[in-house]
Asks: 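This is the structure I have questions about; it appears just below.
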Amino acid sequence: MKKENDSKVTEFVLLGLSSSLELQLFLFLIFLLFYMAIVLGNLLIVVTVRADTHLLQSPMYYFLGHLSFIDLCLSCVTVPKMLGDFLQEDKIISFSRCLAQICFLHFLGASEMFLLTAMAYDRYVAICNPLQYLTVMNRQLCFQMVFACWCGGFVHSITQVTLVIQLPFCGPNKLDNFYCDVPQVIKLACTDTYVVEVLMVSNSGLLSLVCFLVLLFSYAVILVTLRTRFRQGQNRALSTCASHLTVVSLIFVPCVFIYLRPFCSFSVDKVFSVFYTVITPMLNPLIYTLRNTDMKTAMKKLRKKHVTACCHVQE
């Protein structure tokens with residue numbers, strides 16, 4: 001006799017975004033363009049920050065380079081599989097690949113949340129304590145903060161995988177999403193998942209909510225400081241804060257909506273999932289480059305350097 005907690009399900013069926021073949025082909029083209037924009041946009045930021053000495057020495061752009069790298073990796077966790085599923089009728093994912101998706105999704109997602117919190121602290125020091133900014137935000141502290149973000153993401157990811165891997169799955173095996181995530185997977189378990197869902201909310205839900213509230217509070221302090229203390233450079237600082245707040249809202253609002261609701265699911269969950277895994281990584285490069293003079297200047301220098309190098313090669 002098999003043990004009661006043995007899993008019989010070896011693969012899951014992803015229902016995807018649509019069951020219509022015509023709509024799936026249209027969505028394939030749209031999301032292929034989105035994916036290309038994500039890869040090219042975030043690669044451009046990473047290369048620009050690495051190539052420009054001035055940007056690389058700035059804590060804000062040091063964090064931005066890591067943020068773009070995370071967005072690039074995060075999109076690779078879900079989008080390629082989704083694009084492939086658009087072109088086939090059976091959208092199958094093995095149990096091990098499903099766990100891998102959950103692992104990397106939460107590892108990168110939590111790391112990004114922690115990194116955005118670090119970026120908020122960086123802006124706080126830069127605006128509220130500008131005379132000691134470079135002393136406080138030294139290279140060693142920036143490295144330690146980024147390392148802590150990655151470590152925090154890893155711990156969070158291991159916790160999420162542990163919640164899922166111990167559950168028995170004996171059918172059904174249909175996931176109402178285009179990728180594997182904890183809220184949908186645990187609902188298919190052949191056991192009472194009350195405790196697991198409470199733990200999920202305590203982990204992912206509260207993590208998203210607390211980081212979001214901390215970020216909102218820090219930017220509120222920054223905006224008050226800008227209004228009461230400084231006049232010169234206020235527009236530039238406001239522009240930077242506006243960019244960060246836009247990114248924060250695009251990331252945290254969907255996460256709070258998805259992970260802070262145990263025991264229920266809505267049809268709009270897929271829409272929020274698309275925002276979290278596709279739209280936000282695509283918009284981040286646009287938000288940070290179109291509203292940032294330093295980034296645009298550095299990109300122009302990089303383009304001129306590349307054109308000059310090509311001309312020398314041709315000669």
Side-chain angles (χ1 to χ4, degrees), residues 2-15 70-71 73-79 81-82 92-118 146-212 214 251-252 254-265 269-270 272-273 276-277:
K2 292 185 178 181
K3 294 181 180 180
E4 185 178 354
N5 63 348
D6 280 350
S7 297
K8 298 180 182 179
V9 172
T10 58
E11 60 185 21
F12 293 105
V13 178
L14 301 173
L15 299 183
I70 291 176
D71 280 334
C73 296
L74 184 62
S75 65
C76 294
V77 175
T78 58
V79 180
K81 170 64 176 171
M82 177 177 61
I92 305 296
I93 185 170
S94 65
F95 184 77
S96 58
R97 289 188 64 186
C98 183
L99 286 178
Q101 265 197 344
I102 292 173
C103 178
F104 287 106
L105 181 72
H106 284 268
F107 171 48
L108 296 166
S111 298
E112 183 165 13
M113 290 182 182
F114 293 134
L115 184 60
L116 287 170
T117 307
V146 170
F147 181 73
C149 292
W150 286 106
C151 290
F154 177 76
V155 172
H156 169 74
S157 173
I158 293 300
T159 304
Q160 295 300 295
V161 173
T162 303
L163 290 178
V164 175
I165 201 170
Q166 64 180 347
L167 295 174
F169 296 94
C170 51
N173 66 336
K174 292 184 179 180
L175 290 172
D176 190 18
N177 211 332
F178 59 93
Y179 66 95
C180 284
D181 201 3
V182 178
Q184 291 83 29
V185 172
I186 61 178
K187 285 180 171 55
L188 299 180
C190 303
T191 186
D192 183 16
T193 60
Y194 177 86
V195 175
V196 177
E197 294 195 47
V198 170
L199 290 174
M200 180 197 71
V201 171
S202 302
N203 194 310
S204 296
L206 288 182
L207 173 66
S208 303
L209 182 61
V210 170
C211 287
F212 188 40
V214 169
I251 292 176
F252 281 93
C255 289
V256 170
F257 181 82
I258 292 173
Y259 297 113
L260 207 59
R261 301 179 292 102
F263 323 121
C264 62
S265 59
D269 284 356
K270 292 183 183 180
F272 281 93
S273 297
Y276 173 55
T277 58

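The basis for the numbers below is simple: all heavy atoms, side chains too, and nothing from hydrogens, waters or symmetry mates.
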Asks: Measure up the F95 and F12 rings against each other and bin them: parallel (under 30°), tilted (30 to 60°), perpendicular (over 60°).
Replies: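 Aromatic pair F95/F12 classed tilted.
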Asks: How many angstroms lie between atom OG of S96 and atom CD of Q101, to the nearest 0.5 angstrom?
Replies: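 So the gap between those two atoms works out to 11.0 Å.
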Asks: Might you point out which heavy atoms bring T277 and S273 nearest each other, and give the distance in Å?
Replies: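 In terms of heavy atoms, the two residues are closest at OG1-O, 2.8 Å.
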Asks: Between L116 and F252, what is the shortest heavy-atom contact and its length?
Replies: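 Heavy atoms of L116 and F252 come nearest at CD1-CE1, 3.8 Å.
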Asks: Would you mind checking if R97 and E11 are paired as a salt bridge, meaning a charged N to carboxylate O distance below 4.0 Å?
Replies: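 No, E11 and R97 are not salt-bridged.
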Asks: At what distance, to the nearest 0.5 angstrom, does CG of L115 lie from CD1 of I70?
Replies: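 Reported to 0.5 Å precision, the distance equals 5.0 Å.
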Asks: Atom CD of Q184 and atom CG of D176: how far apart are they, to the nearest 0.5 Å?
Replies: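 Result: 7.5 Å between the selected atoms.
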Asks: For the atom pair NE2 (H156) and CG (L108), what is the distance rounded to the nearest 0.5 Å?
Replies: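 Answer rounded to 0.5 Å: 11.0 Å.
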Asks: Would you name the heavy atoms of S208 and C255 that are closest together and state the gap between them?
Replies: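 Reported closest heavy-atom pair: OG-CB, 3.6 Å.
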Asks: Nearest 0.5 angstrom please: L209 CG to S204 OG, how far?
Replies: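 Rounded to the nearest 0.5 Å, the CG-OG separation comes out at 12.5 Å.
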Asks: Give a yes or no answer on whether the side chain of Q160 reaches the backbone of C103 with a donor-acceptor pair at less than 3.5 Å.
Replies: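 No, Q160 side chain to C103 backbone: no donor-acceptor pair under 3.5 Å.
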Asks: Do the side chain of T159 and the main chain of V155 share a donor and acceptor less than 3.5 angstrom apart?
Replies: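 Yes, because the side chain of T159 sits within donor-acceptor range (under 3.5 Å) of the backbone of V155.
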Asks: F107 and W150: aromatic ring centres closer than 6.0 Å?
Replies: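 Yes, the ring of F107 comes within the 6.0 Å limit of the ring of W150, centre to centre.
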